[in-house]
A.B. asks: 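Can you read through this structure? Questions will come right after.
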Amino acid sequence: MTSPKLEIESVSKAFEEKVVLEDVDLQVNLHDVVCLIGSSGSGKSTLLKCINLLVPIDGGRIALDGEAITDPRVNPNQVRQRMGIVFQAFNLFPHMKVLDNVTLGPRKVHGTGQGEAEDTARRLLDQFGLLDKADEYPDRLSGGQQQRVAIVRALAYEPELMLLDEVTSALDPELIAEVLNVIRDLKTSGMTMLIATHEMGFARDVADQVCFLDAGRILEQAPPDKLFKDPQEPRTRQFLQRIVEAGRL
Amino acid sequence: MVLTSEAWPAVQRQFFSWFHFKESFPDVARGFWLDIRMFLVAEVLILAFALVLAMIRSLRGPAFFPLRAIVVTYIDLIRGVPILLLILLLGFGVPALQLTGVPTSRIFWGVAALVISYSAYTAEVYRAGIESVHESQRMSARSIGLTQVQALRFVIVPQAIRNVIPALLNGFVSLQKDVALVFVLGVREGLREADIYNARTFNYTSYVVAAVLFLLISVPVARFTDWYTERDRRRRQAMST
Ligand SMILES: Nc1ncnc2c1ncn2[C@@H]1O[C@H](COP(=O)(O)OP(=O)(O)O)[C@@H](O)[C@H]1O
Ligand SMILES: [Mg+2]
């Protein structure tokens, strides 16, 4: 029996009147990769931000290793250090060199010494083929390199779970592969991940489970083979149909 | 017009007399040196205090509501009061209370009034800068575990300041002139010295001396501000292409 790393139980969220998440239930098991698919505006980003406690939920419960992180007594800063999140764009701090971007969290949050933090950062950058960029400012990097640095930065404090929000959507097509390969490597290393993506080929490839999110609800959840080949819900079929027509599957 | 008119000799005698220029210069210049020192002290305090105000105002969440409310009230009240009134109120009012342990120096209270007033405006300049930083930056900073204050300090504020340097420099020019307002307290700064000379001689050249000294500082700062703003604009353009 695999243990659930992350449990989302009937989570709901509204901005003003607008309901963005409605009764969302989702589990991510240890070492599993779950992909969230769904059209733009379906609530993927909001769900990931809720898990990272960047957006407070209105109802329901989110637990990490069985421990409710949405409990008001929990310190959100401590929870955030157990997960890495990478957004679509503007992740890096433009006024800091790549190395400082990576070491900021460990130095300020964990109180790791400068030397140790930089050693760890350089080792990680090296592992992801970015060591020669350590002393560059982010605007000197390609979009793909920036996203890889953002992933490295999230890894620097050894998260137990990674949340990736359409990390390739803002990239030129030729840069997408290098970022997806990094994520594949992470899966190989056993990282538990929840990934919002529009890259259906990638999702089919890397996911253990795929969730289809529609208007704030999880309409369907299944292993990729099943969900892509034999979707049960008409809305899922429609969505996949549109993706196929757009040539993305 | 003025140069050819018949009034010119009188104008020259009253405003541009070389004799009175030389006569009044030492006193006015000494007073002006006090203006510069008051300006420097005030500016440093304003930049620091206003930043604290702006950071407090940018904190989110109900826990910080009381602090935010205090800052907003402060900014609204201070910006609604004429600066001269504040100078008179503090400069004459506080020393008159004769409280033990409270400074009675009019220079002290004059500078304090400038700091209190300018901080309210400068805090709004900083706040505009803080709000101009993309929301993702705040999210990213929080996501790596930084507290709100750490996120502001290490991530948001450094970028915000870059965005508002021209506006801050404009504030410098404005303050550099407004320090002269403490003359109403009888502080013997440049304008006061010019005034004293004028009262003694009925000649206005001393005011011109003071004007020249103020211009010697403010014009270069204004040019620098323009130069910097233009360079910054071009750099941004280059970056966005
Ligand atoms: N901070 C916010 N305030 C108001 N509405 C928001 C906010 N964030 C997201 N929304 C709305 O929530 C809905 C879901 O957005 P999002 O989670 O970004 O969807 P997705 O990532 O699937 O495209 C959208 O309609 C969006 O306009
Ligand atoms: Mg999104």
Side-chain angles (χ1 to χ4, degrees), chain A residues 45-46 48-49 51-56 72 75-96 100-112 117 137-140 146-147 149-159 161-165 170, chain B residues 47 51 54-55 58-66 68 125-168 228 231-241:
Chain A
S45 300
T46 306
L48 294 178
K49 285 175 190 163
I51 297 168
N52 205 256
L53 308 182
L54 291 167
V55 168
N75 178 353
N77 296 324
Q78 272 165 15
V79 172
R80 291 193 190 108
Q81 291 162 48
R82 300 173 60 190
M83 326 178 195
I85 188 166
V86 179
F87 304 107
Q88 196 172 333
F90 304 115
N91 286 287
L92 300 183
F93 308 134
H95 60 297
M96 290 182 190
D100 298 326
N101 260 279
V102 179
T103 59
L104 183 69
R107 280 189 293 124
K108 299 302 172 195
V109 180
H110 289 236
T112 311
Y137 282 93
D139 65 353
R140 300 283 305 265
Q146 290 183 23
Q147 289 301 70
V149 171
I151 293 173
V152 166
R153 187 178 69 188
L155 293 173
Y157 45 92
E158 296 172 355
L161 168 73
M162 286 285 275
L163 308 169
L164 305 178
D165 188 6
Chain B
L47 289 176
L51 183 56
M55 283 172 73
S58 304
L59 293 174
R60 294 184 188 173
F64 294 108
F65 176 78
R68 275 201 310 271
V125 170
Y126 279 127
R127 188 165 75 107
I130 287 171
E131 277 170 11
S132 74
V133 177
H134 201 281
E135 178 65 18
S136 306
Q137 290 284 305
R138 189 190 281 253
M139 290 265 183
S140 290
R142 299 307 307 280
S143 78
I144 60 173
L146 298 181
T147 63
Q148 280 207 66
V149 175
Q150 284 176 322
L152 278 169
R153 176 159 161 224
F154 298 116
V155 176
I156 310 295
V157 166
Q159 298 182 60
I161 289 179
R162 261 179 221 195
N163 293 345
V164 296
I165 283 178
L168 292 175
Y228 182 91
R231 196 190 64 156
D232 196 51
R233 194 184 60 79
R234 255 191 258 121
R235 221 181 6 201
R236 271 164 215 260
Q237 234 163 29
M239 248 166 67
S240 63
T241 53

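Atom set for the values below is all heavy atoms of this structure, side chains included, hydrogens, waters and symmetry mates excluded.
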A.B. asks: Of A:Val109, A:Asn77, A:Asn75, which is the lone residue that meets side-chain contact (heavy atoms from CB on, under 4.5 Å) with B:Thr147?
C.D. replies: A:Asn77

A.B. asks: Nearest heavy-atom pair of B:Gln137 and A:Phe90: which atoms, and what distance?
C.D. replies: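 It is NE2-O, 3.0 Å.
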
A.B. asks: Per the side chain to side chain donor-acceptor pair (under 3.5 Å) rule, what does the pair list look like for residues 149-158 of chain A, sequence neighbours excluded?
C.D. replies: A:Asn101-A:Arg153

A.B. asks: Quick one: closest heavy-atom pair of A:Leu54 and B:Arg142, and the distance?
C.D. replies: CD2-CB, 3.5 Å

A.B. asks: Is the count of non-hydrogen atoms from other residues, nucleotides or ligands lying under 6.0 Å from A:Arg82 atom CZ greater than 12?
C.D. replies: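 More than 12 heavy atoms, drawn from other residues, nucleotides or ligands, come within 6.0 Å of this atom.
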
A.B. asks: Please report the shortest heavy-atom distance between B:Phe154 and A:His95, naming the atom on each side.
C.D. replies: O-NE2, 2.9 Å

A.B. asks: Are any non-hydrogen side-chain atoms of A:Met96 and B:Pro158 less than 4.5 angstrom apart?
C.D. replies: no

A.B. asks: In terms of heavy-atom proximity below 4.5 Å to chain A, should B:Arg162 be classed as side chain, backbone, both, or neither?
C.D. replies: side chain

A.B. asks: Got more than 12 heavy atoms from elsewhere within 6.0 Å of OH, B:Tyr228?
C.D. replies: yes

A.B. asks: Between atom CD1 of B:Ile144 and atom CG of A:Asn52, what is the distance when rounded to the nearest 0.5 Å?
C.D. replies: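 With rounding to 0.5 Å, CD1 (B:Ile144) is 11.0 Å from CG (A:Asn52).
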
A.B. asks: Under the side-chain contact (heavy atoms from CB on, under 4.5 Å) rule, what do A:Phe93 and B:Ser140 come out as? Steps first, then yes or no, please.
C.D. replies: CA-CA 8 Å; A:Phe93 308 134; B:Ser140 290; 3.8 Å; yes

A.B. asks: Is B:Gln150 in contact with chain A via its backbone, its side chain, both, or neither, using a 4.5 Å heavy-atom distance?
C.D. replies: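 Contact with chain A involves the side chain of B:Gln150 alone.
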
A.B. asks: Taking all heavy atoms of B:Gln159 and all of A:Pro94, pick out the closest pair and write down the distance.
C.D. replies: OE1-CG, 3.2 Å

A.B. asks: Between OG of B:Ser136 and CG of A:Asp165, what distance do you get to the nearest 0.5 Å?
C.D. replies: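 It comes to 10.0 Å.
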
A.B. asks: Go through it in stages, so that I can follow the logic: the residues are B:Met139 and A:Asn91, the test is side-chain contact (heavy atoms from CB on, under 4.5 Å), and I'd like the CA-CA distance, side-chain angles, deciding distance and then a yes or no.
C.D. replies: CA-CA 9 Å; B:Met139 290 265 183; A:Asn91 286 287; over 6 Å; no

A.B. asks: Could you pull out all residues at least two apart from A:Ala156 that satisfy side chain to side chain contact (heavy atoms under 4.5 Å, CB included)?
C.D. replies: A:Val102, A:Pro106, A:Leu124

A.B. asks: Less than 4.5 Å to any heavy atom of chain B: does that hold for the side chain of A:Leu92, its backbone, both, or neither?
C.D. replies: backbone

